[in-house]
Amino acid sequence: MAPNGVSDRSARLPRLIMIRILLLVAMQATLFPGTAFAQLAWDTFSPAQQTYPTATVTIDENMAATTTVLTITTTGATGTVTYSIASSTTAAFTIGASTGVITVNDASLLDREAISFIDLVLQAVDTSPATVSTTVRIDLKDVNEIAPTFSSTSTYSVTISESATVGTTIQALTVTDTDSAATNVACTISSGDPDGKFQFRSDNQTIELKAAIEPDSPTNNSLTYTLTIVCYDNFNGVYSGGSLASTGTVSVSVTPVNDNSPTWGTFTPALATPITTIDENLASGTIFTAAASDVDYGTDGVVTFSFSTVKFNTGADASALFTIGSSSGVVSRTAATTPALDRETYSHVEFVVLAMDSPTVTADRLTITQTVQVNLKDVNEFTPVFDPSTGLYNVSFS
């Protein structure tokens, strides 16, 4: 018993433990030269190709919650190892304290359009206690999750003229894709253009006129087109497979233009000089029929007839004696008796027939004229008379 009342054995115990440790160290140095006690250190992590302490892991953005990202392990530990994320730029990940398995905690934070990587400071502590730490960078790989979008609206309406030339811009579109890897957008007209009148230009994102629109006969192109525009992203430079698409509509209305004059058809009787001969003093009846047509669309192609002038060969006006059907072109004798249709005074009547189309704007009307001559045939309408001025007549009988 020591003077202070403490057992000599208790006092000698720590010294004996230290002596045994020193003996063990000496034995290790003698039996296994060049070795030392195991110390806590990082082992190769999983995925196996990742070698630490310097490593980068790449995962898809928006990876689902609880998905395993990385498993970290240690070697040389004394007792139990506890793993933790000492610090991180986001709360996107969590780690199993005993397993070292790092999983997704909040998938909404894995947005490649917002951030490109996340740094994790990882720590392992054993019961000795020894501590090791390392930094792992987790790169986010862009996933094609966003379809192209039209800037303001996906429905457009535009009106163009029939006279629009090839290359005319019909509608400018602004289509974008916010995916980081989608660097461009390609659009195509998928339907609504059976005649191939339009095309999409990718260099300036416009729809332009590829071929002239001709609503007039005989082409008879449509005046309305509803174009379906499909725009694809080129995710990672590829327009197919993983591409996403959005659809827009461009409605095109074509305003017809009165750009064709009427043309004469076949008259009845056929045109000649004269076209016909009528009896003088004709009281009624059809004299001839004018014919004309116009290939313009709608009312622009409706032809009406009228007289520009009707005159006798002397220049005297004869318009009161004749009429023409505005839509039929039939020229007939009226009931008028003045001036007289008299062969003894006039040899023929000259008609200047006018054919005119019917656009809505009067100033846009186009006309043509045709001169038609109708001869007058003498009718035996007078009996012989004696001229008393001679005073003497010789009559003989046989």
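Quick caveat: nothing in here was measured; it's all calculated off a predicted structure.
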> Give every residue pair that meets the ring pair (Phe, Tyr, Trp, His ring centres under 6.0 Å) criterion with at least one member in residues 310-367, sequence neighbours excluded.
Phe288-Phe351, Phe307-Phe351, Phe312-Tyr346, Phe322-Phe351
> Within the distance-only criterion (no hydrogens, no angle test), does the side chain of Asp193 pair as donor or acceptor with the backbone N or O of Ser191 below 3.5 angstrom?
no
> Tell me, please, which residues at least two apart from Arg333 pass salt bridge (charged side-chain N to carboxylate O under 4.0 Å, His left out).
none
> Can you tell me how far CG of Asp317 sits from NZ of Lys311, rounded to the nearest 0.5 angstrom?
7.5 Å
> Quick check: do Thr74 and Asp43 have side-chain heavy atoms less than 4.5 Å from each other?
no
> Is it the case that one hydrophobic cluster holds both Leu223 and Ile213, taking links as side-chain heavy atoms less than 4.5 Å apart, direct or via other members?
yes
> Restricting to non-hydrogen atoms, name the atom on Ala291 and the atom on Thr266 that form the minimum distance, rounded to 0.1 Å.
CB-O, 3.3 Å
> Would you mind telling me which of Thr289, Val372, Val331 makes a side-chain contact (heavy atoms from CB on, under 4.5 Å) with Phe267?
Val372
> Let me confirm one number: the CD1-NZ distance from Ile189 to Lys197, rounded to the nearest 0.5 Å.
13.0 Å
> Would one find more than 12 heavy atoms of other residues, nucleotides or ligands at under 6.0 Å from atom CZ of Phe198?
yes
> If every non-hydrogen atom of Ser161 is compared with every non-hydrogen atom of Val254, which pair is closest and at what distance?
C-CG1, 4.2 Å
> Got a second to check how far Ile229's CD1 is from Thr155's OG1, nearest 0.5 Å?
11.0 Å
> Please assess Thr188 against Tyr232 for the test side-chain hydrogen bond (donor to acceptor under 3.5 Å, both in side chains), listing each intermediate value before the final yes or no.
CA-CA 9 Å; Thr188 183; Tyr232 302 87; over 6 Å; no
> Could you pull out every donor-acceptor pair under 3.5 Å between side chains of residues 64-72 and any protein atom, sequence neighbours left out?
{"from": "Thr67", "atom 1": "OG1", "to": "Ala64", "atom 2": "O", "distance (Å)": "2.7"}

> Between the side chains of Asp126 and Ser128, does any donor sit under 3.5 Å from an acceptor?
yes
> Can you pull the ring pair (Phe, Tyr, Trp, His ring centres under 6.0 Å) pairs that have at least one residue in residues 326-345, sequence neighbours excluded?
none
> Can you pull the ring pair (Phe, Tyr, Trp, His ring centres under 6.0 Å) pairs that have at least one residue in residues 142-171, sequence neighbours excluded?
none
> Would Thr219 and Asn221 count as a side-chain hydrogen bond (donor to acceptor under 3.5 Å, both in side chains) if you check the C-alpha gap in whole Å, the side-chain angles of each, and the deciding distance to 0.1 Å?
CA-CA 6 Å; Thr219 309; Asn221 289 152; 5.5 Å; no
> Which pairs with one or both residues in residues 88-139 pass ring pair (Phe, Tyr, Trp, His ring centres under 6.0 Å), sequence neighbours excluded?
none
> Pair Arg365, Asp357 - check salt bridge (Lys or Arg N to Asp or Glu O under 4.0 Å), show working.
CA-CA 6 Å; Arg365 292 179 179 176; Asp357 54 22; over 6 Å; no
> Of the non-hydrogen atoms in Ser88 and Ile118, which two are nearest, and what is the gap between them?
OG-CG2, 3.8 Å
